[in-house]
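Quick notes on the structure that follows.
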2 protein chains.
Amino acid sequence: MATESSHEVPQVVIERLPQYLRALSRFLEEGTTVISSQQLGARLQVTPAQIRKDLSYFGRFGKQGRGYTILFLVEQLRHILGLDQTWKVAVVGVGRLGRAIISYPGFAPEGFHVVCAFDTDPALVGKLTDGLTVQAMSQMAAVLRREDVKIAIVAVPAAHAQGVVDQLVTCGIKSILCYAPVATQRPSDVHISYIDPVLALQSMTYYLKAVAAG
Amino acid sequence: MATESSHEVPQVVIERLPQYLRALSRFLEEGTTVISSQQLGARLQVTPAQIRKDLSYFGRFGKQGRGYTILFLVEQLRHILGLDQTWKVAVVGVGRLGRAIISYPGFAPEGFHVVCAFDTDPALVGKLTDGLTVQAMSQMAAVLRREDVKIAIVAVPAAHAQGVVDQLVTCGIKSILCYAPVATQRPSDVHISYIDPVLALQSMTYYLKAVAAG
DNA sequence: GTATGTGAAGCACTTCACAGCT
DNA sequence: AGCTGTGAAGTGCTTCACATAC
């Protein structure tokens with residue numbers, strides 16, 4: 001009971017669970033109520049064994065001979081991932097990209113609510129953006145604590161990203177979604193995911209080039 | 001000479017090369033001309049052995065006792081990745097997100113040029129968006145061929161993504177960057193990368209939840 | 001002395017294959 | 001008959017450690 005089991009579940013597994021969840025929700029909408037690992041895997045292009053093994057890290061959710069009751073499995077996955085609650089999110093950087101993130105309609109339905117926004121630019125501070133008042137960076141520590149924000153989205157220029165990450169870490173933030181195109185240093189207990197379309201394109205050209213040469 | 005060596009280099013390696021390239025470019029800008037795998041790894045939080053191994057798939061680019069001449073290594077990596085040329089890109093879906101992608105200033109400096117945009121909405125077709133005229137989906141096959149476009153960015157609603165991917169595959173497109181939140185079916189020789197902030201957030205909450213409980 | 005390049009060892013994730021339940 | 005859950009086997013990526021080169 002001393003150590004949490006967090007590290008026994010491979011991170012790749014944790015990254016697949018939200019995909020399972022999303023696909024299962026769609027099956028539900030389509031009227032399916034029970035599903036096999038076979039069927040789910042076909043939709044997601046994952047092997048059935050992979051799905052069963054992934055789920056087995058957390059319990060026994062299926063019925064042999066039948067499959068999984070989708071509604072039940074969805075509930076379980078939402079609980080495992082901590083998605084049976086809402087999460088407050090802060091956006092740092094309210095330029096073109098930051099504004100797009102703030103007004104992106106895909107977060108709220110999934111339980112992620114942007115509740116505050118920060119920027120260094122005095123010309124932006126105090127302005128309303130989609131119902132949010134942009135606040136000064138100096139306010140950040142106090143606001144994050146008061147609002148109990150646990151997740152930050154970084155949308156500042158590359159040159160400022162490291163500084164912003166440092167500040168967020170100081171504020172006790174452990175989860176960051178970073179849109180800035182730079183690898184940032186941080187303590188090992190801070191999770192950062194990067195959204196980086198240019199990196200994605202730059203890997204794809206390797207395969208295009210190879211095909212063209214073949 | 002029969003089989004291309006594409007499959008001998010692990011995909012994870014290909015995904016790291018653009019990161020190396022970006023970090024190296026920054027070192028160059030800072031005035032560094034020679035670097036060790038140790039120094040590069042420290043910046044990217046990758047082990048030196050990993051970097052040396054990754055590079056060894058493609059040749060010997062360093063000098064023992066010294067390290068790597070950055071300018072030379074950058075050139076080599078750009079060539080390996082096929083980044084020593086420009087690539088034309090098509091955007092499919094010109095809603096809010098599609099417009100943001102078209103006007104994103106980060107692609108062109110890296111050699112990715114959005115040269116055409118498509119949408120089903122007759123109200124959008126013919127309109128100018130950042131210098132591009134939105135075209136009807138029916139034009140797609142002809143335009144992609146004429147312009148020699150090899151990469152497509154999908155920015156349509158989830159419900160239409162599969163259909164669009166199917167059309168792109170029919171057009172011979174092998175590389176797709178997909179912003180729609182759905183896993184799409186496709187032939188194994190078609191590469192799709194997903195940009196999906198919600199999935200990223202949904203994995204992060206697992207660790208937040210675990211910390212809160214511990 | 002310093003840092004690369006690389007077989008070999010180590011580790012982690014994936015797939016197999018089958019016992020067990022429905 | 002069908003499908004899950006899971007040890008065991010298989011695969012592939014990462015790290016080690018050292019010969020080699022400067």
Side-chain angles (χ1 to χ4, degrees), chain A residues 5-20 23-24 27 32-77 80 183 188 203 206, chain B residues 3 5-20 23-24 27 32-74 76-77 80 183 188 203 206:
Chain A
S5 60
S6 331
H7 255 269
E8 295 181 5
V9 182
Q11 180 166 341
V12 278
V13 174
I14 302 302
E15 286 169 9
R16 279 192 295 266
L17 297 187
Q19 303 184 52
Y20 299 165
L24 289 166
F27 273 112
T32 314
T33 58
V34 175
I35 199 173
S36 66
S37 57
Q38 178 70 238
Q39 293 169 285
L40 180 58
R43 172 93 43 124
L44 289 170
Q45 310 199 128
V46 169
T47 65
Q50 176 88 268
I51 291 173
R52 295 201 303 274
K53 184 63 135 183
D54 285 356
L55 296 178
S56 78
Y57 283 102
F58 303 97
R60 301 161 165 223
F61 306 119
K63 291 197 187 78
Q64 281 141 324
R66 273 190 185 287
Y68 303 88
T69 302
I70 300 183
L71 198 58
F72 175 70
L73 185 51
V74 163
E75 264 173 25
Q76 295 297 310
L77 286 175
I80 291 164
S188 59
S203 312
Y206 172 78
Chain B
T3 50
S5 61
S6 333
H7 256 271
E8 295 180 5
V9 181
Q11 180 165 342
V12 277
V13 173
I14 301 303
E15 286 169 10
R16 278 191 296 265
L17 298 187
Q19 303 186 51
Y20 299 165
L24 289 166
F27 273 112
T32 313
T33 57
V34 175
I35 199 172
S36 67
S37 57
Q38 177 72 236
Q39 293 169 284
L40 180 58
R43 173 94 42 123
L44 288 170
Q45 308 198 129
V46 168
T47 64
Q50 177 96 82
I51 292 173
R52 295 201 302 276
K53 187 63 138 182
D54 285 357
L55 296 178
S56 79
Y57 283 102
F58 303 97
R60 299 158 167 225
F61 306 119
K63 290 195 187 77
Q64 279 144 326
R66 275 189 184 288
Y68 302 87
T69 302
I70 300 184
L71 199 58
F72 175 69
L73 184 52
V74 164
Q76 295 296 309
L77 286 175
I80 290 163
S188 58
S203 312
Y206 172 79

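Keep in mind that the numbers below use all heavy atoms, side chains included, and drop hydrogens, waters and symmetry copies. Below, chain A is the first sequence line, B the second, and so on; all start at residue 1.
- Heavy-atom distances under 4.0 Å link DNA chain D to S36(A), S37(A) of residues 34-44 of chain A, given in residue order.
- Qualifying side chain to side chain contact (heavy atoms under 4.5 Å, CB included) partners for A42(B), counting only residues two or more places apart in sequence or in other chains: none.
- Considering only residues two or more places apart in sequence or on other chains, R52(B) meets the salt bridge (Lys or Arg N to Asp or Glu O under 4.0 Å) condition with none of them.
- Every residue two or more places apart in sequence or in another chain that forms a side chain to side chain contact (heavy atoms under 4.5 Å, CB included) with F58(B) is listed here: Y206(A), V9(B), V13(B), I14(B), L17(B), F61(B), I80(B).
- With F72(A) as the partner, the side-chain contact (heavy atoms from CB on, under 4.5 Å) test is satisfied by one option alone out of T69(A), V74(A), I70(A): T69(A).
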5' to 3', nucleotides 8-16 of chain D under a 4.0 Å protein heavy-atom cut-off (B base, S sugar-phosphate only, - none) gives B----SSBB

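- Between the P atom of dT15(C) and the CD1 atom of I51(A) lies a distance of 11 Å, rounded to the nearest Å.
- Tested against L24(A), the residues L44(A), L73(A), T32(A) include a single side-chain contact (heavy atoms from CB on, under 4.5 Å) partner, L73(A).
- The line from OH of Y20(A) to CD1 of I51(A) is 5.0 Å long, rounded to the nearest 0.5 Å.
- Looking at residues two or more places apart in sequence or on another chain, you find a side chain to side chain contact (heavy atoms under 4.5 Å, CB included) between T47(B) and A49(B), Q50(B).
- For E15(A), the side chain to side chain donor-acceptor pair (under 3.5 Å) partners are Q11(A), not counting sequence neighbours.
- The bend of the helix from dG1(C)-dC22(D) to dT22(C)-dA1(D), defined by the angle between the axes of its first five and last five pairs, stands at 0° to the nearest 10°.
- Rounding to whole angstrom units, CD of residue Q76(B) and P of dG5(C) are separated by 12 Å.
- Contacts classified as salt bridge (Lys or Arg N to Asp or Glu O under 4.0 Å) and involving residues 34-49 of chain A (residues at least two apart or in different chains) are given here: E30(A)-R43(A).
- Other residues, nucleotides and ligands contribute at most 12 non-hydrogen atoms within 6.0 Å of the CD atom of Q38(A).
- Here Q39(B) pairs with I35(B), S36(B) under the side chain to side chain contact (heavy atoms under 4.5 Å, CB included) rule; sequence neighbours left out.
- A heavy-atom distance below 4.0 Å to DNA chain C is reached by these residues of residues 59-72 of chain A, ordered by number: Q64(A).
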L55(B) and Y68(B): side-chain contact (heavy atoms from CB on, under 4.5 Å), yes or no, with the steps? CA-CA 11 Å; L55(B) 296 178; Y68(B) 302 87; 3.7 Å; yes

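- Rounded to whole Å, the distance from CG on L73(A) to P on dC3(D) is 16 Å.
- Every pair passing salt bridge (Lys or Arg N to Asp or Glu O under 4.0 Å) that includes a residue from residues 53-63 of chain B is listed here, sequence neighbours excluded: R16(B)-D54(B).
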